[in-house]
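Residue numbers begin at 1 in each chain, while the letters A, B, ... track the order of the sequences.
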There are 2 protein chains.
Amino acid sequence: MVDVARRAGVSHQTVSRALNSPEAVLPDTRRRVERAMREMGYRRNSHARALKTSRTGMIGVVSQGNTDFGPTRMTLAIEKAARERGYATALSIIHDARPDTVESTLEFFLSHGIDGIVVITPVPALAEAAKQLAAKTPVVIVTSGLWPADNLSVAGIDQELGARRATEHLIRLGHRSIAHISGPMDWFDAKGRVVGWRQALAVADLKAPPMVQARGWNAENGYTAAAELIAGRNLPDAVFAANDFIALGLIRALEERGIRVPEDISVVGFDDVEASGYFSPPLTTVRQPFEDAGLAALELLLDDSEHLTSVPNFIAPQLIARGSTAPS
Amino acid sequence: MVDVARRAGVSHQTVSRALNSPEAVLPDTRRRVERAMREMGYRRNSHARALKTSRTGMIGVVSQGNTDFGPTRMTLAIEKAARERGYATALSIIHDARPDTVESTLEFFLSHGIDGIVVITPVPALAEAAKQLAAKTPVVIVTSGLWPADNLSVAGIDQELGARRATEHLIRLGHRSIAHISGPMDWFDAKGRVVGWRQALAVADLKAPPMVQARGWNAENGYTAAAELIAGRNLPDAVFAANDFIALGLIRALEERGIRVPEDISVVGFDDVEASGYFSPPLTTVRQPFEDAGLAALELLLDDSEHLTSVPNFIAPQLIARGSTAPS
DNA sequence: GACTTGAGTACGAATATAACC
DNA sequence: AGGTTATATTCGTACTCAAGT
């Protein structure tokens with residue numbers, strides 16, 4: 001900056017002003033400064049700037065589970081929203097939920113000096129750590145099933161509503177015995193979808209068949225869980241699977257036993273993963289508005305005024321009806 | 001740091017030394033300092049540190065196409081490798097390939113002061129910009145089909161080899177007419193897979209049927225391309241699809257016309273996307289070692305000595321044989 | 001003399017205050 | 001006086017060099 005100043009024949013102070021409040025400097029001087037900057041390929045040193053202003057223009061995103069669909073998509077959505085608002089995104093993905101790993105990751109971010117952290121936390125472990133964190137830096141938790149606390153905002157996608165919509169769709173088609181294969185119950189999302197499923201059934205005065213739990217979110221887990229479902233005495237008319245991959249595993253298991261989808265059983269998934277429209281049959285599912293949720297999270301993080309909101313900002317997912325569901 | 005020093009009854013200099021070269025300070029003094037740091041919840045200011053050392057412990061990852069399988073997985077792999085080596089990862093995803101967008105993104109990183117950049121570049125546009133960048137900061141390009149240049153290392157996955165393995169698998173099964181549905185040909189990966197397919201056919205003395213191009217990497221594109229393939233006079237014995245989703249769209253298109261997979265036509269995909277083992281039929285495909293490639297990229301970036309390598313570090317993918325291929 | 005500690009300064013930008021026209 | 005520019009100091013850490021044991 002000093003060099004630029006010398007070249008432009010002004011003081012470094014003038015250069016600084018030309019950058020930070022251009023209107024406070026004579027147009028003529030400003031142009032000289034700008035030209036000098038261009039000629040020298042000057043680039044502001046963000047560390048010196050951060051040192052003085054203690055703002056970095058960088059937010060941290062902490063996520064968990066590197067390949068799961070939801071967290072991944074949410075991460076990308078937040079990155080996009082952040083960049084549109086001029087913020088860079090630092091990413092850290094936690095592979096195990098051990099408290100010390102979690103803490104060291106959060107410390108890592110904190111020590112890298114960021115303006116705020118978005119924690120994508122599908123399971124309680126991370127959420128707890130995030131609460132601790134909120135004392136030291138602005139934090140937004142992206143999840144379902146949690147409520148805002150002090151210094152802590154919450155955004156996410158309304159899992160219960162999504163599950164209700166899936167189940168209601170099956171009810172509208174005339175199904176009466178609607179089973180659910182849940183995801184791993186330590187996930188907030190899995191719990192929310194169970195609740196939504198039960199709600200919809202209750203409203204329609206239907207009994208909930210015994211629930212089957214998948215041990216993970218993959219097709220393999222769905223396949224295994226399906227065996228358990230089928231072993232039960234009465235086959236349901238329809239199944240709401242906790243996500244698309246579980247639905248896929250289920251469909252495969254049914255197919256192997258000669259049970260046709262949707263003729264014998266209707267199946268609904270959740271997520272609308274890529275290509276789910278080309279499964280056979282094309283999968284009816286619930287699409288999650290990740291980008292909207294990411295945007296909401298970012299706004300909570302950046303707008304201090306909003307930080308006081310005491311109601312979580314949960315966004316509504318959308319039902320995508322396709323070929324895996326049919327009237328009973 | 002001054003506060004810590006005061007509390008520990010030493011100078012700020014001693015505190016600094018206790019942090020940076022602990023062995024150069026008396027164990028007794030060090031313990032006093034450490035205790036003071038703990039008591040005060042001291043945390044090193046990374047900006048001041050970066051200002052002085054001009055190293056941030058942060059690398060940038062620039063990628064393109066937010067939902068495509070390859071780039072996404074590669075990004076996550078690099079983040080993992082980086083964190084294992086104590087580096088944080090800043091992420092920036094480019095949604096369009098307009099030169100000014102690209103340049104401003106790279107500038108953005110540069111001005112945030114990072115120790116190096118990994119550019120995941122499936123298409124040439126980004127690669128060009130990355131070359132410019134290499135003059136200013138260490139850069140590693142992750143791609144296929146490019147060669148290292150000055151200050152520019154290249155790592156990636158050997159697409160040609162993967163395609164050869166897929167095609168050879170079909171040849172071994174006795175197929176003679178092996179078609180290919182390529183990905184969008186502006187992608188290096190798409191080109192590499194075409195080359196590998198041709199190579200394998202040439203070695204086996206087989207003629208390559210006319211190639212069909214998909215206009216994107218999605219199932220929909222595969223479905224559309226399949227129509228074109230089927231419209232040709234002679235149906236091939238087997239098809240090597242440029243990725244799993246294209247394969248899925250193809251299978252669906254075949255199925256709709258009563259052509260069975262694998263009885264009538266064998267199909268191989270590429271990527272081994274989640275759940276591809278539960279497609280119907282389970283998809284034979286080529287798995288890409290993203291984590292290995294990410295690690296390789298990071299090592300190239302961080303080990304200056306290696307920066308001189310003139311041969312790209314391409315890692316071998318692996319064939320996963322499943323039910324969508326059968327002997328002819 | 002080898003080892004440990006302390007004082008002072010530089011990194012690069014921002015800002016309060018003073019000086020200029 | 002009113003609008004611009006310049007001077008001097010600050011942020012927190014690392015490092016050179018000198019002083020102390």
Quiz item: Tell me: NE2 of A/H47 to P of D/dC11, nearest whole Å?
Solution: 20 Å
Self-check item: Nearest-nucleotide 5' precedence on DNA chain C, B/H12 against B/R17
Solution: B/R17
Quiz prompt | Pairwise side-chain contact, A/I120 with A/V62, heavy-atom cut-off 4.5 Å (strictly under) | solution = no
Quiz item: Which part of the nucleic acid, if any, lies within reach of B/S54 when heavy atoms closer than 4.0 Å are counted: base, sugar-phosphate only, or nothing?
Solution: nothing
Quiz item: Expressed in angstrom and rounded to an integer, what is the separation of A/L51 atom CG from D/dT13 atom P?
Solution: 9 Å
Quiz prompt | Atom pair distance, as rounded to whole Å: CD in A/Q13 and C1' in C/dA13 | solution = 10 Å
Practice problem: Return the 5'-most residue of the pair B/V25, A/R43 with respect to DNA chain C, ranking by each residue's nearest nucleotide. | Solution: B/V25
Quiz item: Given the side-chain rings of B/F290 and B/F69, with only the six-membered ring counted for Trp, is the space between their centroids under 6.0 Å?
Solution: yes
Quiz prompt | Pair A/E79 + A/R83, salt bridge at N-O below 4.0 Å | solution = yes
Quiz item: Between B/I157 and B/Q159, is any pair of side-chain heavy atoms under 4.5 Å apart?
Solution: yes
Quiz item: Can A/R85 and A/D303 be counted as an ion pair, charged N to O under 4.0 angstrom?
Solution: yes
Self-check item: Separation of atom CG in A/L19 from atom C1' in C/dA13, rounded to whole Å
Solution: 10 Å
Self-check item: D/dA14 phosphate, OP1 or OP2, under 4.0 Å from B/N20 side-chain N/O
Solution: yes
Self-check item: Spacing between A/R30 atom CZ and D/dT5 atom P, to the nearest angstrom
Solution: 11 Å
Quiz prompt | side-chain N/O A/T14 vs D/dA6 OP1/OP2, d < 4.0 Å | solution = yes
Practice problem: Could you tell me whether the phosphate oxygens of D/dA14, OP1 or OP2, come under 4.0 Å of any side-chain nitrogen or oxygen in B/T53? | Solution: no
Quiz item: Between B/S11 and C/dT5, does any side-chain N or O lie under 4.0 Å from OP1 or OP2?
Solution: no
Exercise. Would you indicate what A/V10 reaches in the nucleic acid, counting non-hydrogen atoms under 4.0 angstrom: base, sugar-phosphate, or nothing?
Key: sugar-phosphate
Practice problem: Calculate the interatomic distance between A/L26 atom CG and C/dC20 atom P; express it in whole Å. | Solution: 18 Å
Self-check item: Distance in angstrom units between A/M1 CE and C/dT15 C1', rounded
Solution: 12 Å
Self-check item: Protein-nucleotide distance (A/M40, atom CE; C/dG12, atom P), rounded to Å
Solution: 12 Å
